[in-house]
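Read through the structure below, which is laid out as structure tokens, and then see the notes.
None of these values were measured; they are calculated from a predicted model. Below, chains carry the letters A, B, ... as their sequence lines are ordered, and counting in each starts from 1.
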Number of protein chains: 2
Amino acid sequence: MRALKYAILGLLNRKPMSGYDLSKEFSSQIGNFWSANHSQIYPELKRLLDEKLVVYNIEISGDVLEKKVYTITEKGRKEFLRWLNKDEPMGPTPKDVFRLRMYFCNNLDVETRIRLLKHQLSQHEERLAFLSDEMKRYNTVPPIDSDAFGDYLVLDSAIMREETTIRWLKKCISLCQNGSDEK
Amino acid sequence: MRALKYAILGLLNRKPMSGYDLSKEFSSQIGNFWSANHSQIYPELKRLLDEKLVVYNIEISGDVLEKKVYTITEKGRKEFLRWLNKDEPMGPTPKDVFRLRMYFCNNLDVETRIRLLKHQLSQHEERLAFLSDEMKRYNTVPPIDSDAFGDYLVLDSAIMREETTIRWLKKCISLCQNGSDEK
DNA sequence: CGCGACATGTAAGCAGTTACATGATTAT
DNA sequence: ATAATCATGTAACTGCTTACATGTCGCG
């Protein structure tokens with residue numbers, strides 16, 4: 001599978017970057033659906049280098065600090081495009097610990113459920129507010145052949161995901177409260 | 001973290017089961033948000049046994065075929081409830097390879113994007129149809145202290161997730177088509 | 001001069017997938 | 001008979017997280 005490999009190749013296909021830059025990218029839009037930390041990125045870059053999918057040259061920041069700026073090769077671009085064009089089946093359903101916990105929530109007293117649900121709710125609302133703020137930067141949908149188009153699509157998806165989670169959490173809270181009244 | 005440990009304890013807290021039964025459970029409602037296959041379940045059961053959180057007794061199916069039916073212990077129940085009551089922060093954003101691909105979709109020609117998007121769309125619509133069918137079994141919201149309540153909540157969540165994904169996919173298709181007209 | 005950001009790496013361990021391996025039971 | 005399902009395990013490998021480890025640069 002090696003999704004990280006293609007995530008990195010895709011980012012380097014946008015523009016040359018260092019491992020450090022890549023790890024920052026994974027905190028931005030793309031990070032809503034894929035991320036990795038530096039301890040995974042550096043070894044992967046070494047591997048891509050061995051496979052001749054990337055090359056690097058060293059830039060000096062300041063006096064002596066070396067920065068390896070990686071560039072995708074023609075071979076790398078080909079392999080990336082091959083992966084991107086492939087039609088793959090729907091992936092496995094992603095895991096979610098909080099929903100796993102709610103699956104077992106009949107073992108919790110109602111007050112605890114509501115407390116846990118409200119805590120999740122506030123976190124997701126905060127996250128949604130952050131994402132909505134990012135969305136404000138787009139007055140219009142970016143051109144479909146620009147890098148920004150991908151940014152826009154995944155940001156939109158992340159917002160929709162948060163909105164849906166929030167709707168579900170509110171529904172859960174409501175069901176727990178009504179159910180407890182009925183008793 | 002050991003989420004699988006608690007998933008298994010929670011299921012055994014519902015009723016005694018074999019490893020085989022557990023792996024089937026992960027294909028039902030709970031499987032929408034957590035799953036594992038038998039190669040992970042059997043070693044985990046052994047570990048739970050070592051930790052004295054479960055015990056088993058052997059049932060014979062047919063003539064000689066042995067079936068290990070696991071039961072949660074009092075210690076196991078306590079540890080499960082401790083985990084369940086804990087208030088944990090929002091987990092990391094789940095990974096999604098298709099959205100990762102769409103992040104890079106400006107490198108695809110419009111026809112390919114639409115083909116890939118429509119393929120995903122049909123798969124998610126099929127999945128939604130299946131889940132909606134499952135939902136029909138509930139004429140009413142189950143009692144909030146029944147096992148079925150958890151089943152209901154996660155099924156509802158899975159349906160909302162599929163609906164949202166479908167809305168997003170349709171939006172992406174529409175954006176790609178309109179954008180290509182404008183050019 | 002101290003702190004946060006910049007910058008790159010390795011090691012140990014946990015979690016999860018795929019494949020290997022075996023055998024019994026039930027329905028057709 | 002034979003295929004699908006029941007039933008239990010192990011081994012090898014991939015992916016990912018957390019911690020270890022080191023050093024520079026720019027700002028206040």
Picking from [options], which would you name as closest to the side chain of [X]?
X       : options                : answer
A:His38 : D:dA19, D:dT24, D:dT10 : D:dA19
B:Pro43 : C:dG16, D:dC6, D:dT10  : D:dT10
B:Lys68 : D:dG9, D:dC16, C:dT8   : D:dG9
A:Gln40 : C:dG16, D:dT24, D:dC16 : D:dC16
A:Tyr70 : D:dA7, C:dG9, C:dA15   : C:dG9

Can you measure from [atom1] ([X]) to [atom2] ([Y]) and round to the nearest 0.5 angstrom?
X        : Y        : atom1 : atom2 : result
B:Phe149 : A:Met102 : CZ    : CE    : 9.5 Å
A:Lys171 : B:Ser157 : NZ    : OG    : 9.5 Å
A:Asn37  : A:Tyr42  : CG    : OH    : 11.0 Å

Touch class at under 4.0 angstrom, heavy-atom based, for A:Asn37 against every strand present =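 If one applies the 4.0 Å heavy-atom cut-off, A:Asn37 turns out to touch a base.
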
Report yes if a side-chain nitrogen or oxygen of [X] is closer than 4.0 Å to either non-bridging phosphate oxygen (OP1 or OP2) of [N]; otherwise report no.
X       : N      : answer
B:Lys24 : D:dT5  : no
A:Lys67 : D:dT24 : no
B:Lys95 : D:dG15 : no
B:Tyr20 : D:dT8  : no
A:Lys46 : C:dT8  : no
B:Lys5  : C:dA15 : no

Specify the residue among A:Arg2 and A:Asp63 whose closest nucleotide of DNA chain D lies further upstream toward the 5′ end.
->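 That would be A:Arg2.
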
Toward the 5' end of DNA chain D, which comes first, A:Ser35 or A:Gly62, by nearest nucleotide?
->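 Nearer the 5' end of the strand: A:Ser35.
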
Once you round it to whole Å, what is the distance between [atom2] of [N] and [atom1] of [X]?
X       : N      : atom1 : atom2 : value
A:Phe26 : D:dG15 : CZ    : C1'   : 14 Å
A:Arg47 : C:dT8  : CZ    : P     : 20 Å
B:Tyr6  : C:dA15 : OH    : P     : 11 Å
A:Ile58 : D:dT24 : CD1   : P     : 16 Å
B:Leu49 : D:dG9  : CG    : C1'   : 14 Å

Mark yes when over 12 heavy atoms from residues, nucleotides or ligands other than B:Glu126 sit less than 6.0 Å from its CD; otherwise mark no.
->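 For B:Glu126, atom CD is not crowded (no more than 12 foreign heavy atoms under 6.0 Å).
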
What closest approach, in Å, do A:Leu12 and A:Tyr70 show between heavy atoms, and which atom pair accounts for it?
->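 Scanning both residues, the minimum pair turns out to be CD2-O, 3.6 Å.
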
Is there a donor N/O on one and an acceptor N/O on the other, under 3.5 Å, for the side chain of B:Ser39 and the base of C:dT18?
->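 Indeed there is one.
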
So do the side chains of B:Tyr56 and B:Leu49 get within less than 4.5 Å of each other, counting heavy atoms only?
->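 Side chain of B:Tyr56 against side chain of B:Leu49, heavy atoms only: contact under 4.5 Å found.
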
DNA chain C: B:Glu44 or A:Gly19, which has the more 5' nearest nucleotide?
->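 By nearest-heavy-atom nucleotide position, the 5'-most residue is A:Gly19.
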
